[in-house]
Amino acid sequence: AQSVAQPEDQVNVAEGNPLTVKCTYSVSGNPYLFWYVQYPNRGLQFLLKYITGDNLVKGSYGFEAEFNKSQTSFHLKKPSALVSDSALYFCVTLMDSNYQLIWGAGTKLIIKP
Amino acid sequence: NAGVMQNPRHLVRRRGQEARLRCSPMKGHSHVYWYRQLPEEGLKFMVYLQKENIIDESGMPKERFSAEFPKEGPSILRIQQVVRGDSAAYFCASSPGQGAETQYFGPGTRLLVL
């Protein structure tokens, strides 16, 4: 069965420092991987996705993610964190059915000024 | 191009009442998905619909819950005889197709059952 794991419940980063939010996946076949962000009391916003091609995927708001097949990881990164990046981040994969999104538990990112 | 619209944003119901949640997909999108989110958790798939058809409702409880996506108008998620355990955030998403197509989410409806 397809699944993703986010090993950290919370990540704390000082403003201006690089940030990494970790995700590992377990999928059969070609992995389809996404990152979504949820701001407090708001909907979910799509950040980026990996389908095929370049292992480094660039997304919205300066975020990028690196697909690593040997480590089965898809970590989210940003070179310089902003306080406004503080939110809940979800790593997501696609079920075999090709329409059910399977969600990680989420990682709360806190950026301190 | 407006995004996915959901209303109401907040809904309070007493036990035993009915809850109706509405979702208007993005223009040009004919695929609608409903997900439920409990506090501090990721989303759980409930149902996938295309116009006038339920494609997969395997994530939806068999009793009290129903969904539709009529030819005209928004998709409706209906919960009859609500119980406290139904309190959650319900998100709707839409996409132009399935597979690796990105699903775009609405702001959600937060249901509170008293």
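Every chain is numbered from 1, with letters handed out A, B, ... down the list of sequences.
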field: Interatomic spacing from CH2 in A/W103 to CD in B/E41 - rounded to 0.5 Å
entry: 13.5 Å

statement: Rounding to 0.5 Å, atoms OG1 (B/T102) and CG (A/L101) come to a distance of 9.5 Å

query: Counting only heavy atoms not in A/K22, do more than 12 fall under 6.0 Å of its NZ?
result: no

message: Assigning hydrophobic clusters by single linkage (Ile, Leu, Val, Met, Phe, Trp, Tyr; side-chain heavy-atom cutoff under 4.5 Å), is B/I76 placed with B/M46?
response: no

- prompt: What orientation do B/F105 and A/Y36 show, parallel under 30°, tilted 30 to 60°, or perpendicular over 60°?
  reply: perpendicular

- request: Against chain A, label B/S58 side chain, backbone, both or neither, depending on which of its atoms sit under 4.5 Å from a heavy atom there.
  value: side chain

message: Let me check something: do A/L56 and A/I51 share a hydrophobic cluster, defined by ILVMFWY side-chain heavy atoms less than 4.5 Å apart, either directly or through other members?
response: no

- prompt: Does the side chain of B/Y35 come within less than 4.5 Å of A/L44's, by heavy atoms?
  reply: no

message: Between A/Y61 and A/L33, is there shared hydrophobic-cluster membership here, with clusters defined by ILVMFWY side-chain heavy atoms closer than 4.5 Å?
response: yes

- prompt: In terms of ring plane angle, is the pair B/Y48 and A/Y99 parallel, tilted or perpendicular, where the classes change at 30° and 60°?
  reply: tilted

query: Do the side chains of B/V47 and A/L94 join up, straight or via other hydrophobic residues, at under 4.5 Å, putting them in one cluster?
result: no

- prompt: Of all heavy-atom pairs between A/F90 and B/Q37, which one has the smallest distance, and what is that distance?
  reply: CZ-NE2, 3.5 Å

- request: Quick one: closest heavy-atom pair of B/F45 and A/Q100, and the distance?
  value: CD2-CD, 3.4 Å

- prompt: Among the clusters formed by ILVMFWY side chains lying less than 4.5 Å apart, do A/L19 and A/F74 turn up in the same one?
  reply: yes

